[in-house]
Asker: 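If you scroll down you'll find the structure; I have some questions about it.
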Amino acid sequence: MTVDFGKTKLKIGFSFFLVAALMLLLADGKIAIMCFLSSIAHEAGHLFAIALCGEKPDTVRFGIFGMTIIRKNDITQDYK
């Protein structure tokens, strides 16, 4: 699924939804919600730091291992 926010694309892969569904099924509801909220706050910190440096992300992708930010100058930050 791809959503455009101005010049930034947000891509959410099937694997992200799969992991989220498994977490909601296997974990306590309150713990799962707290995990999602803390993950959102953590990743928002990365985006805030990029904004402070004057960069704008070209693409933000959510997958099985978290979020990947692709900036305009093709520098990526991920687990690879």
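Values below: every heavy atom of this structure, side chains too, minus hydrogens, waters and symmetry copies. Since the model is a prediction, treat every value here as computed from it, not as a measurement.
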Asker: Indicate if Val60 and Val3 have the same hydrophobic cluster label, given that clusters are the connected sets of ILVMFWY residues with side-chain heavy-atom separations under 4.5 angstrom.
Answerer: yes

Asker: Atom NZ in Lys7, atom CG in Asp58: separation rounded to 0.5 Å?
Answerer: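 Those atoms lie 10.5 Å apart.
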
Asker: How many angstroms lie between NE2 in His46 and OG1 in Thr68, if you round to the nearest 0.5 Å?
Answerer: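 Nearest 0.5 Å value for the NE2-OG1 distance: 11.0 Å.
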
Asker: For Pro57, does its backbone N or O pair with a side-chain atom of Thr8 as donor and acceptor, under 3.5 Å?
Answerer: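 Side chain of Thr8 to backbone of Pro57, a donor-acceptor pair under 3.5 Å: yes, one is there.
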
Asker: The test is side-chain contact (heavy atoms from CB on, under 4.5 Å); show your working for Phe36 and Leu24 and say whether it passes.
Answerer: CA-CA 10 Å; Phe36 287 128; Leu24 288 171; 4.0 Å; yes

Asker: Could you check Met1 against Phe17 for side-chain contact (heavy atoms from CB on, under 4.5 Å), going step by step and ending with a plain yes or no?
Answerer: CA-CA 11 Å; Met1 176 174 80; Phe17 290 115; 4.1 Å; yes

Asker: Return the OG to CD distance between Ser38 and Glu43, rounded to the nearest 0.5 Å.
Answerer: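 So the gap between those two atoms works out to 10.0 Å.
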
Asker: side-chain contact (heavy atoms from CB on, under 4.5 Å), that's the test. Do Leu10 and Thr2 meet it? Break it down for me.
Answerer: CA-CA 6 Å; Leu10 176 68; Thr2 303; over 6 Å; no

Asker: Should Lys11 and Thr59 be marked as a side-chain contact (heavy atoms from CB on, under 4.5 Å) after you check the CA-CA gap, both sets of side-chain angles, and the distance that decides it?
Answerer: CA-CA 7 Å; Lys11 294 183 179 183; Thr59 304; 4.1 Å; yes

Asker: Give, for atom OG of Ser39 and atom CE of Met23, the distance between the pair rounded to the nearest 0.5 Å.
Answerer: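 Answer rounded to 0.5 Å: 6.5 Å.
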
